[in-house]
Amino acid sequence: AQKITQTQPGMFVQEKEAVTLDCTYDTSDQSYGLFWYKQPSSGEMIFLIYQGSYDEQNATEGRYSLNFQKARKSANLVISASQLGDSAMYFCAIVVRTYKYIFGTGTRLKVLA
Amino acid sequence: DSGVTQTPKHLITATGQRVTLRCSPRSGDLSVYWYQQSLDQGLQFLIQYYNGEERAKGNILERFSAQQFPDLHSELNLSSLELGDSALYFCASSVDLSVHGTDTQYFGPGTRLTVL
């Protein structure tokens, strides 16, 4: 079975600084995908970034990058130059061939002015 | 805006009742997924449909059922509602079932169900 662990229930970061949100995963499959989603207080789930298990380069999308360390089974999200609008819950998720997404419990990020 | 629509946004009902949540996927997406997000359970996968057929099942109760129609919209039916069914219900859609299961899901805004 697949599992996602997000050990940081809450994080603070100063505006304009970078922050890393941790995510470790467990799967016996060689082929899988890792995703990060953002959930602001309004409730919607916003797709941020994706990393495939066979991708050799770390994924980047604007200010978001995914620090993928396959041997350690970690897929940390790095947000550079934090903005007040980045305050939200962030969820890491894994999907394997069953197509079922398994989500972590989330990390609540608060950006301080 | 993800392109996935869900109605209604809010639903308040009583225990024992039955409700139907509706989802329209993004244009061109064939797969629809349903999730339940409650405070104590986090985000739980319920069920997935692909082009009208059920493809994967998660932690869906027997009191819950879903279907996907020929126009690809989907409905989630919740019956004999209990207080614990109060949650945010998300629908998500994706283009295709890729072989490696790495299909990005785009979420709708959710339906907040309150059972009194």
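Letters A, B, ... mirror the listed sequences (proteins, then strands); counts begin at 1. No experiment lies behind these values; they were computed from the predicted model shown.
Not less than 6.0 angstrom separates the ring centroid of A/Tyr101 from the ring centroid of B/Phe45.
Separating the CD atom in B/Gln105 from the CZ atom in A/Phe35 is a distance of 7.0 Å, to the nearest 0.5 Å. Here the straight-line distance linking atom OG1 of B/Thr104 with atom OH of A/Tyr50 works out to 7.0 Å at 0.5 Å rounding.
Applying the 6.0 Å contact sphere to CG of A/Leu84 captures more than 12 heavy atoms from other residues, nucleotides or ligands. Remark: A/Arg108 CZ is loosely packed, at most 12 non-hydrogen atoms of other residues, nucleotides or ligands lying under 6.0 Å away. Around NZ of A/Lys16, the count of heavy atoms belonging to other residues, nucleotides or ligands within 6.0 Å does not exceed 12.
Within the 4.5 angstrom heavy-atom criterion, no atom of B/Gln44 approaches chain A.
By the criterion of side-chain heavy atoms lying less than 4.5 angstrom apart, applied directly or through intervening Ile, Leu, Val, Met, Phe, Trp or Tyr residues, B/Val32 is grouped together with B/Leu113 in one hydrophobic cluster. In the hydrophobic clustering of ILVMFWY residues, with side-chain heavy atoms under 4.5 Å counting as a link, B/Trp34 and B/Tyr50 come out apart.
For the residue pair B/Phe90 and A/Gln39, the shortest heavy atom distance occurs at CZ-NE2, 3.4 Å.
A 4.5 Å side-chain heavy-atom check between A/Met45 and B/Leu88 finds every atom pair outside the cut-off.
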